[in-house]
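Contents: one structure, followed by commentary.
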Number of protein chains: 2
Amino acid sequence: MNAEIIAVGSELLSPTRVDTNSLYLTEQLNALGIEVVAKAVVGDDRPRLATLVKMAMERSELVFTTGGLGPTEDDVTREAVADALGRTLVFHPEIAQQIEERFRRAGRQMPAINRRQAFIIEGAQILTNDKGTAPGQWIEYAPGRVVVLLPGPPVELKSMYSRECAPRLQRLVPRQLIRTLHLRVAGMPESELDQLIAPVYRRYPQVATTVLAAPGDIQVILRARCATEEEAEALLQEIGPQIEALLGDRVYSRDGRSLEEVVGEMLVARNATVAVAESCTGGMVGARLTSVPGSSRYFVGGFLTYSDQMKWQLLGVSPEELAEFSSVSAPVARSMAEGARLRAGSTYAVSVTGIAGPEGGTPETPVGTVFIGIACPHDTYVQRYRFVGDRERVRQLATQAALDLLRRAIAGLPLEPAALTATDQLPQTPS
Amino acid sequence: MNAEIIAVGSELLSPTRVDTNSLYLTEQLNALGIEVVAKAVVGDDRPRLATLVKMAMERSELVFTTGGLGPTEDDVTREAVADALGRTLVFHPEIAQQIEERFRRAGRQMPAINRRQAFIIEGAQILTNDKGTAPGQWIEYAPGRVVVLLPGPPVELKSMYSRECAPRLQRLVPRQLIRTLHLRVAGMPESELDQLIAPVYRRYPQVATTVLAAPGDIQVILRARCATEEEAEALLQEIGPQIEALLGDRVYSRDGRSLEEVVGEMLVARNATVAVAESCTGGMVGARLTSVPGSSRYFVGGFLTYSDQMKWQLLGVSPEELAEFSSVSAPVARSMAEGARLRAGSTYAVSVTGIAGPEGGTPETPVGTVFIGIACPHDTYVQRYRFVGDRERVRQLATQAALDLLRRAIAGLPLEPAALTATDQLPQTPS
């Protein structure tokens, strides 16, 4: 079963606005085994929206619109969908009354324009809005074919979706059982990963494979959809190990958990704690570790030693060492990590020192050079990296590499991922 | 002049993939005075893509496709656009040779499938790709009406756009002069801001007003488009001050610069430095301050004091004070800030201590309670906040509030924005 999402509203056409409603709906629909085959964003344009809805209705069983259900004249979704369906809008006095009541409870009088929100497409089921004024609408215009109107504000949409849409969709969607394997991989570029695993997943057309890349972090989501749960599970048990064998210990999670969550659980399991000593990342490693609820169980704190003076003062990195090796070096990364571990009294400590750019590069240490140190009870490990990208990307890659190096150190894994197997001799397409 | 963007590629239909190419293109086009009136995302589906392109061509002068220019059979953009234009694809041997050469330089042989990338729509201008194999294409199929094919990988698209598209667009777009006022506002919810300024910008239909909201940060972008630069400037000089007067000192930037950039410049101008002492934000404030190139001029470093022990050990916050007031309190925020300022030897220090949630709230200090302290040479200021949202949102809002409080303290502004004027009595529509 396919779905399309049309987001209505000119503010969504801005260069910085991300359409989070579409992302949320796609996630919910995917979990029901529904594929989202197209998404669109359109302004408050009644004829264009009507055309888009009509086109979507022809191609997909489910069509969702978000937004455009407000009270103003720019809110044209109800009219446009009615046009696409060839139906009329009917005024529902009881809905107008509910809206009036909502205003009264807020100590106000309902503006006359809000009456527009009480117009419902004939034959539609009303989806109640418990966080706003606009009701949603669900029109099953043919058996198994639906147009759904949802409000724009994400808080209203999410509540309405889970209370009103999810139960209806579960009754509508053919009974299929889905099993999902959600791998997350660190320390490998997307092109290399895809080249490695594509020959495997292409052999399994009944498994939907999605590869999502973020800096230093790739998600491989395998969804097996079958008539029974056993079949789906068996399929995953076939394809999963093949893909994991190719990726080796780069895989840090098999259920979608993030790297900071995984590291946190490893520390809790060992009754261990960690501290950070950051220079060029300026707090990004600490920020990720503390994004996990309950991280106070294992995150003690850290030292942001941006200046050499602070490296000396807070961590005991000697001026002689700084002068001899410069702050971006393996010896200094080592001293930072060991100094942090000692002074924070933690089991482990992570240090990051590097050149994020755009300035500061030298022939010996060009922009993107980063040293990461992991101080452990009996050893300190230091790795050198060369990241490619602008300042923010170098910092993001360094943060991810620091968390992954910590994971490897805690787990006793090799500090560097194993060399790729002979399959990496496959002809490569330069991107 | 209007534009539409169609992004091709099933990976873009995933629940976590953000279509950054569309955001980038929209920003570039807006700066040229071109409005983006629709965006779409579609999978590797030749007939659907052809229909979408045809529809877009009817409505808008500029149609951009991104992606689908790879060598595989799933890469259908060239064929689909040719279908939409009713034109044929022509093989260009010299382009095939260039692609072969690119492979040779990487020490490889060009796979046969890459020949597909040498097919160009008849009549198209070729847009060179200096970061990948696929050339782009520019087809002016009627005077002033263009379809542009761009590659999917953002690095390739951005390079091709700036080298090949921007000059062509500048020749194509009617000569109009645009003056932009890009305000950025902290410490005000979007609904309040829009209610306040909408009565003003609605009186200026010739000024395109865009309001973009992020947690604790709102951008108000005013674009005046006229026949002469003087007219555009005069229009901005009329609307700008009216809007700024309503927003008062919540406005921190008038040219789009971020809060951390503005704070950085203020510190440089005063030859001053800053350190941070963070608890619940875990490094996010330091991370934002250091995202600015050259921040080592004013950012000394910081202390991530997640545990009470670290607050005592690194900042000298006394155990008695922690016991009496608890770590989330004004006295502790004050001691953290003063301790950081002293120990880092900086001019200013920012402290953040709060409850990000979901756990940890009490009746006196519910989840979302955050105290922010600013230690200055002659004074220390502490403000209490109550943020609403999940863990990440509370941390984002706290980080933004900390940077804004620092700005206010440095500039000698009131620590709290002035109360809204009588215009906030306008009838409000509950969302």
Side-chain angles (χ1 to χ4, degrees), chain A residues 11 13-18 23 26-27 30 36-43 48 51 55 59 71 102-103 106 108 111 132-133 153 210-212 276 278 281-287 289-291 293 296 299-307 310 314 344 358-359 391-392 427-431, chain B residues 11 13-18 23 26-27 30 36-43 48 51 55 59 71 102-103 106 108-109 111 114 132-133 153 210-212 276 282-287 289-291 293 296 299-307 310 314 344 358-359 391-392 427-431:
Chain A
E11 73 284 358
L13 294 164
S14 300
T16 53
R17 177 62 64 92
V18 173
L23 300 177
T26 302
E27 187 173 13
N30 283 170
V36 175
V37 298
K39 303 194 298 188
V41 179
V42 66
R48 176 192 290 271
T51 306
M55 231 180 69
R59 294 191 177 277
R102 197 181 174 91
F103 273 86
R108 297 193 185 92
T133 47
T210 308
V211 176
L212 307 172
V276 300
E278 303 187 49
T281 41
M284 289 168 74
V285 182
L289 284 166
T290 55
S291 67
S296 56
F299 183 69
V300 166
F303 309 82
L304 306 183
T305 52
Y306 215 60
S307 67
M310 286 287 263
L314 301 199
E359 263 130 49
R391 185 184 180 87
E392 244 351 77
Q428 292 177 38
T429 314
S431 66
Chain B
E11 74 281 1
L13 294 164
S14 300
T16 53
R17 176 61 64 92
V18 173
L23 300 177
T26 302
E27 186 173 13
N30 283 171
V36 175
V37 297
K39 301 196 297 188
V41 179
V42 66
R48 176 193 292 269
T51 306
M55 233 181 66
R59 294 192 178 276
R102 197 183 174 89
F103 273 87
R108 299 193 183 93
Q109 180 110 327
N114 282 82
T133 47
T210 308
V211 176
L212 308 173
V276 299
M284 289 169 72
V285 183
L289 284 167
T290 54
S291 68
S296 56
F299 183 69
V300 167
F303 309 82
L304 306 183
T305 52
Y306 214 59
S307 67
M310 288 286 263
L314 302 199
E359 264 129 48
R391 185 184 180 84
E392 247 347 77
Q428 294 178 37
T429 315
S431 63

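Naming convention: chains lettered A, B, ... in sequence-line order (proteins, then strands); numbering from 1 in each chain.
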So for [X], is it side chain, backbone, both, or neither that comes closer than 4.5 Å to the heavy atoms of chain B?
{"X": "V285(A)", "value": "neither"}
{"X": "E392(A)", "value": "side chain"}
{"X": "S291(A)", "value": "both"}
{"X": "M284(A)", "value": "both"}

Who wins among E278(A), E359(A), R59(A) for the most heavy-atom pairs under 4.5 Å with chain B? R59(A)
As an exercise: rank A344(A), S296(A), G282(A) by heavy-atom pairs under 4.5 Å with chain B and give me the winner. G282(A)
Non-hydrogen atoms of L304(A) and V276(B) that approach each other most closely: CD1-CG2, 3.8 Å
Do you know which two heavy atoms are closest between T51(A) and M55(B), and how far apart they sit? CG2-SD, 3.8 Å
Hey, are the side chains of L289(B) and Y306(A) touching, using non-hydrogen atoms and a 4.5 Å cut-off? no
So, do R48(A) and V37(B) sit near enough that their side-chain heavy atoms are less than 4.5 Å apart? yes
So which residue, P293(B), A38(B), G286(B), ends up with the most heavy-atom pairs under 4.5 Å with chain A? P293(B)
